[in-house]
Structures are given as C-alpha cells and as structure tokens.
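The model shown is predicted, which means the values in this text are computed figures rather than measured ones. We use all heavy atoms of the structure for the numbers below, so side chains are in, but hydrogens, waters and symmetry mates are not. The chains referred to below are lettered A, B, ... by the order of the sequence lines, with proteins before strands, and numbering in each begins at 1.
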2 protein chains.
Amino acid sequence: MDSMKKLEQQFKKLSSYQHLAAICGWDQAAMMPSGGNDVRAQAMSDLALLCHETLTAEEMGEWINDAETNIASLSDTDKINLREMKRVWEQATVLPADLVESKSLLGSSCEHAWRTQRPNNDWEGFSANLKRVVDISRQEAEIRAKQTGLTPYNAMLDLYEPGMTTEKLDALFGELKTWLPALTQSVLEKQKSVNISEPKGPFDTALQSALGKRFMEVIDFDFNHGRLDVSAHPFCGGVPSDVRLTTRYDEADFTSAIMGVIHETGHARYEQGLPKAFRNSPAGEARSMGIHESQSLFFEMQLGRSPLFVEHLAKMAAEAFSRQSDAAFTVDNMNALYNRVQPGFIRVDADEVTYPAHVILRYEIERDLMEGNISVEDIPERWDRKMQEYLGLSTDGDYTNGCMQDIHWTDGSFGYFPSYTLGAMYAAQFMAAMRKTVDVDACLRSLDFAPISGWLEQNVWSKGSTLSTEELVIQATGEPLNPEYFKQHLISRYLKG
Amino acid sequence: MDSMKKLEQQFKKLSSYQHLAAICGWDQAAMMPSGGNDVRAQAMSDLALLCHETLTAEEMGEWINDAETNIASLSDTDKINLREMKRVWEQATVLPADLVESKSLLGSSCEHAWRTQRPNNDWEGFSANLKRVVDISRQEAEIRAKQTGLTPYNAMLDLYEPGMTTEKLDALFGELKTWLPALTQSVLEKQKSVNISEPKGPFDTALQSALGKRFMEVIDFDFNHGRLDVSAHPFCGGVPSDVRLTTRYDEADFTSAIMGVIHETGHARYEQGLPKAFRNSPAGEARSMGIHESQSLFFEMQLGRSPLFVEHLAKMAAEAFSRQSDAAFTVDNMNALYNRVQPGFIRVDADEVTYPAHVILRYEIERDLMEGNISVEDIPERWDRKMQEYLGLSTDGDYTNGCMQDIHWTDGSFGYFPSYTLGAMYAAQFMAAMRKTVDVDACLRSLDFAPISGWLEQNVWSKGSTLSTEELVIQATGEPLNPEYFKQHLISRYLKG
C-alpha cells in the first residue's frame, strides 16, 4: 500500500475516534447526569490521548515524507489533502508530550478556580493561575514560532486562522478603530428616541423549543443529520453527518434562545455542507474559526436580525405564544429589540456594533502577552484604559466584568478572539457578493432559503479546507477580506431607514 | 511497574473505550437521527477493533503469566481480579481475528435479511444464511471447546453463564418439564372465569414517561447516575456510573411500558450497585447474563407484578391518567391484567408461567445444533413438535411466529437463551432467602425499598464477578440453584388466593 493510502487510513481512524469524542462530548454537556462526570472525564481523557497518539504515530512522518517525494504521482485532490494532513500533523507533533499535558492540567485548574474567583472578583487568586497558563502558552508559542518561522503570536493565530498575522490584523482592526467609535455614537444618538417594549414572560420552554425548530426548518437545517437539545452553554457539536446543536431556554425571555438557535444553525449548516469527497480527511474540515463564525453570523446578523426576517419572526413568535395582540410582538418593536445597540461590559452580551471593540481590546492584549511585551499584571490597567477608549466604560477594580469575564484565556486559547470579528467581516463581504447573483430580499420575504444556501454551499461549505482562507474569500467575493463591507452593513442596518 | 499494575492500567484503558462504546451505542439507539448511521457504524466498528486490540495486546499474555508466577505476592483482591482478567483475555485471544470478523459480517447480513424475511415467512432464504452462521459458530465452539476442555455447547454457554453446563441445564429444565405443563393447565383453568377489562387509551406518552420515572424513584433508581429515554427496542445500557435505560411507549397501552421500565430498572440497579473498588476491572463487572436477568426479573416478577405492588400501581396509574373511576383501573382488574397467563407463539410476549417453555425449546435446539446432533434443516420440525408438546400450539409452516421470531441466532449468540429462565429461578430463590431477614410485604405496602435494595446490594450487586455464580447463590441463599423456589413462587402467585 502506498504512503498516501496509509495516511488516508490513519486519518480515517482518527476521524472515527474524533467522532466518538464529539458525540460523548455533546452527551456530557446535554444529556449526562452529573454523577457520571468523573468516569466520563477519564474516558474522554484516554480518548484525547488516543487521538494524539494516532495523529503523531511514529510512521506518520515517514509516510508524509514519502508522499511528498512522490508528489508528482498524486492527483490534485491528494495534493491538497497531503498539504492539510501535514499541517495538522506538524501542529500536533511539534509540542513535547509533557508540555501538552502540563498545559492541559494548568488550563483545567485555572478554569476550575476561575468559576468561583470570577464571582468573588478575586484577581489576585486568578492572576496567579493565569500567569502559569501564560507562561506555558508562551513556551508553546515559542516552539511553534521556531517551527513555522512566524512570530510567537502569529504562530498561535495560525492554529485558529491559518495565514492570519498581526500585521494584517493591525491593519484591519486599525481601520475599524478609525470609524467605529463615531459610528457607534451616531447609532446611539439615533436609537435614543426609540421606545422598546420587552415581551413579558413566562414563555413555555416547550413552545420556545418548537419555535426554534420551526426556524431551523425554515433555514433548511437537515434534521436527518442532526438535532437540537439543551445545554448550559449553547454550542454546535457532533459530526458533519450528525450535527448536535444546543441552546438554553429562559422562561422570561424567548428572544435570545431563538436567535441563539439561528446562530448555531449557521455553524451547523457549514458542518452539514462540508465536502463529502473529503470526509474523514483534514481537507474536508472547516477552514478556520473565522470562517466558521462567519457562517453563524451570516445566519444571525446578515439574515436573522434583518428587518425582512424579523417581520416573519415577530409573526411566528406571536402565533407560537398566542400573543397576536401584544404590543411587544409588533414588527417594529421586534426590530428595535433585535437591533438595539448598547455599550456594555460583557462581550457575549454585546450587539453587533459594539462587539468588535471587545474583540480588538482582547486581541491587543493577548498579542502583547504572547509577544512578551506585557505581563499578566499589566492586564487590568490595559483593559480599563481600552474599555474607556473604545466604549466609554471603566472597569477599574471590577475584574468580574472586566478581564475575568471570559473563559478563553484560562485554557490558553491565545489567538482565538480575532476569529469573532473576522467572522463578522467575512459574513458582510459574503452577503455583498451574494447579492450580485441572489435576490436575498426576495428569499427573505418568501422564506425560501434555497438560493442563499446554494450560494454558501457552493462558495464556502463545499470548499472545506481545500483553499486557503484568502483564496476562499477571493474566489467567493472577487477580492481579499475588505472591512468596508462590514462598515457598509452597519451603516445600512443601523443608520439608514 | 509490576505486571499486575500493567494489567490494571490496560484494563482501565479498555474500560474507558468500552465506556465510549456504551454511550455511543445508547446514542445510536435513543438519540441519533437515522442519517448519522453510516458514519457512526464505521466509528463503532473502529472502536470495537480498538477494544479487541487493547484486550489482546501482545504483552497481555506475558503480564498474565508473570502475575501468575508471582501470585503469592498478590492480595486476595488482586488474585480475584487476575482470575477474571485471564478469563476475559482467554475468551478474546483464542479466536483467530479472521473468524471474529467473518462471524460479525455473516451475523450482520443474516440479521439484516431476517428483517424482511421474517414478515415474508421466508424460511428458505433465512435458513441459507442461518446455516452459515451456525457453521462459523460451530467453528467457534470447537475452538473454545479445545481451549476449555468443555463440549462445544458448554464452551459457548460459558461465555454468558460461566460454570453452567448442559448436564446442569438438562437436570434443571428436565425437572421443570415434569411439573410446568400441568401447573400451566391448572392456572389456565383457574383464570378461565376471570373477566379482564383492558384500559382504553389514548394514554399520553409524556404522562406515561412521568409515571415510569415515579416508579423508578420509588424503587430507588439513582437519577444522578443514569436516565430514562425512548428507543425502538428497550434496553439497559451505559456504564455503572451513568446507566442509560430505555423503554417505548404505546398510546393505546401504558401497562407494558410501565412494567418494562421496572424490568430495565432491575438491570440498572445491578449496574449502579456493582463494586466501586473493582470499577474498570473485570472483577467489578456483572457476574453473568443469568444473574443480570435475575435482577430485572426480581424487580418485574417478584416485586412489580406482586399483588401488593400492583395495588400501588393501580392507584398511581389511575391518578396519573385521571381515571380514578375507570373500572379497568381497579386493583383487582390490574392484578388480573398483570398476572394473566396465556400460551402464545411469541417468547417476548409470554407471561412468567409459559416463558420457560419457550426457553427450554430453544435451549434444546441450540444445544443439539452446537453439538452437531442436528442441522439447520431440522429446526422447523423440532420447533413445531416441542411447541405442541410444551404449549399445545402448532407452528407447522408458520416460520414467522415459529423459529424465525427471535434475533439471537442470527448473530450466533448460541448459549444465551438459558439465561432468561436461569434468571427467573435465581430471582425466586433470592426472594425466598430475602424473606428470612426482610419483611418484603411490609416494604411493598409502604413502598420503602431500602431493605430490599440493601439485601440485593449486599448479596448480589456488590459481589460483581468476585464470586462464581454458584458461590454467589450459595452465599446469598444457603444452597445452590434450586428450581423448587421458582415452582413455589408460581404456585403461590397463580394458584393460591
């Protein structure tokens, strides 16, 4: 058997093991009674080790070398797959096993302690743990930098958004910073006079779930290859052939659960649409975290919160909860509610306009942390200064709502945050390109999502990881990432009309 | 590290992999959308192979030999564990890999075809496949016979009920056959005059589920370590720390779903009560299929269908479905319903009195098949003759309701059937022994199951596989398996009062 075949078989086995991890991980969050956790954690940890051993098996390097030596004999498809196989293999083999284990342990204990430290505003306790996580993440970044020839932070970025660099991000985010604060002020000014009625609960969670599923049907989620359940923290898990998404219900407020379902369905449709020809291979996986987020934000921000969609949403929700004569369920009120802009402390609660400020703040801090320009002690002061600068809010002394609000840094996921805003920018650019050939407004009016899905499937989902992110964006939209589309989207959504 | 430690580590890893198989297997039956099946089947098959590789790893034989050589240095606990480790390792290693794979493939295709052949009464088509399954199972039985020094069928029996032999079964079942037909006739005679009202549906399945869970609570199922869901074929799966049981609901009839839940809860409580000290080790697993069935039948037959329990069941069901004035929900009618005896063709629908006839019939046929005394062609004639003899029913030409009704033979599980009736006999014997120290009737009257669970936990559950079945039964009841207890139970339940 030739080396390429052997590689394919090994990755197929890895894919089976990752399948089990995805399903049991979903089960742990959505189904498992809490008493099952200890034994499950052990099983998941043994499985993670097995996945790592499978990916870094001794023969892998040989097979890759051998396939590269005979690259002329490979089909174009195999060449692409080999490139992606090598990429994930290199990322996995470069780290010494003891560093991987230490980072995992430090991350777990930092996160575990954070759960009680955050409500107690305990920066002293938290920062002691975070320092250990930052130290080992810097070690990781140095090792990855040496392997890739990138700077430490760029090497970390490359894990989540291959090809992205601080140089590009500084330019992109720098551009945003020139117009976003003024735009935000204009939106706030414009929305000042808008009165919003909050729908009054309780809203039966079974009805919320049924309504969420109706919207999933409307946007063509394939229930033969996935399902919707409940978990404390909503996510999209499972595997492309069986996507598991979750939401959480609040009896007092249905609006966030419904929009959460639409958001996760965007992730899910990307997974369901990944190329079957490359299934079980790295080239068949999602391109990057930024592209993944672009799909959830496309469904949430570009489609779900658009006035034409909210019109349906308002009617369907009023019907679902028998509130046809409730003033809170009018189209105008629902639009005002779903497009309200309000600067706040908490990123995950932020609206589309103020969200980038949260991301840029974290990006600038984690970049400087990984590059060794600042240390953990510097974080609170930087955080406060940037919050004041970008959103006019002070977090001085308030760690709970400041630099201790997120979970990402506790496990050393430095380099992840930019994905959120890259996703928002990709989504706006995809929409502008789609509108050249698809009558999106007509689709939204008739709730016929087939042409929209068709465009995304053809230009994004079916590409998997066969193209670089930049190639994908250029092929889909005719140009590289251009933040102007995001700006125009915000202007059109929040300042016009 | 010494060999015993290495063995423990290997079995711990195996236990983690089996944990993933149990959860993903449950998911496949209870949660997975059908479109996920192909990829899941591949993942499960890769996992099964991994489990086999882990159990039969090259070093295992060495470690076992080495541990046996130094057995004097082992604790009593380790000695027991080593004995069980060796048992499962020998069972797994003795078969050549290609035989295992062939049997699995022949079994799958025989079962797959059976699903359409059975409704079509297609014995010709089915028997061609079954011959292949019997042939390879005979090969397996010969190999196991050579290893164990047992006869071929005894070697197969040993997989499900270690220590059980045809000699013992012939004696036990032979004894049953001397009195069961006459007893059955007497019961039928006695029940002739009883009028039964079937409760009329529809019975909302959400209410059925809530009622089932109430009974699970009543019999002390630990919901922190397990859950109840729905599947096409009810089963008890998962792992001891997280037991997953399922039932199925029929809107027209709540009685079978409720009793099904109680039956599966018996299996579940056994799993939940297995010894934590031996968790992840073969000595911590359920002793045998017969003992497992004894626990489900203890909860269903000894407790659930007893008049004192049915009294509660009738009241709680009437309340759950708001049928307090419905004549079908009186205690007398519910008792008549839950203890109705009716000879029939189908084993899984059979009552407690006629069930053993179904099992003995299958036992006698599969024993002769494995010992090479009859061949597949002989099955229908034998089946018909025995059905007439034991239950007075003819299956001549009716394969659908005759020898094609069960799934067990399609995958070559020869040796499994006796477990059902062994379980019924163990259960009756456990109950007789329990009554010496526990006031079972008082427990049933007050629905306080703690003393009952306490007895089972101490005498059965906590033993895991540390004792042989015979030792377990002797320690728990003071004597080896004695069918007299089952006989007395039937007389007392169905002929007295």
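The residue among A:Ser45, A:Gly35, A:Gly226, A:Gly36 with the most heavy atom pairs within less than 4.5 Å of chain B is A:Gly35. In terms of heavy-atom pairs under 4.5 angstrom with chain A, the leader among B:Asn280, B:Asp46, B:Asp38, B:Val243 is B:Asp46. Of the listed residues B:Asp222, B:Leu50, B:Leu49, the one with more heavy-atom pairs under 4.5 angstrom with chain A than any other is B:Leu50.
Counting heavy atoms from C-beta on, the side chains of B:Ile23 and A:Arg40 come closer than 4.5 Å.
Of the two parts of A:His225, the backbone and the side chain both hold a non-hydrogen atom closer than 4.5 Å to a non-hydrogen atom of chain B. With a 4.5 Å cut-off on non-hydrogen atoms, A:Leu20 touches chain B through its backbone and its side chain both.
When all heavy atoms are compared, the tightest approach of A:Arg244 to B:Pro33 is NH2-CD, 4.0 Å. Nearest heavy-atom pair across B:Met31 and A:Arg227 is O-NH1, 2.9 Å.
Using a 4.5 Å heavy-atom cut-off against chain B, the contacting residues of residues 5-18 of chain A are A:Lys12, A:Lys13, A:Ser16, A:Tyr17.
Separation of atoms CD (A:Gln42) and CZ (B:Arg279) is listed at 13.0 Å; rounding is to 0.5 Å. Here the CG-SG distance, from A:Asp27 to B:Cys24, works out to 8.0 Å after rounding to the nearest 0.5 Å.
Residue B:Glu101 qualifies as open at atom CD: its count of foreign heavy atoms under 6.0 Å is 12 or below. With a 6.0 Å radius and a threshold of 12 heavy atoms from other residues, nucleotides or ligands, A:Glu251 has its CD atom above the threshold.
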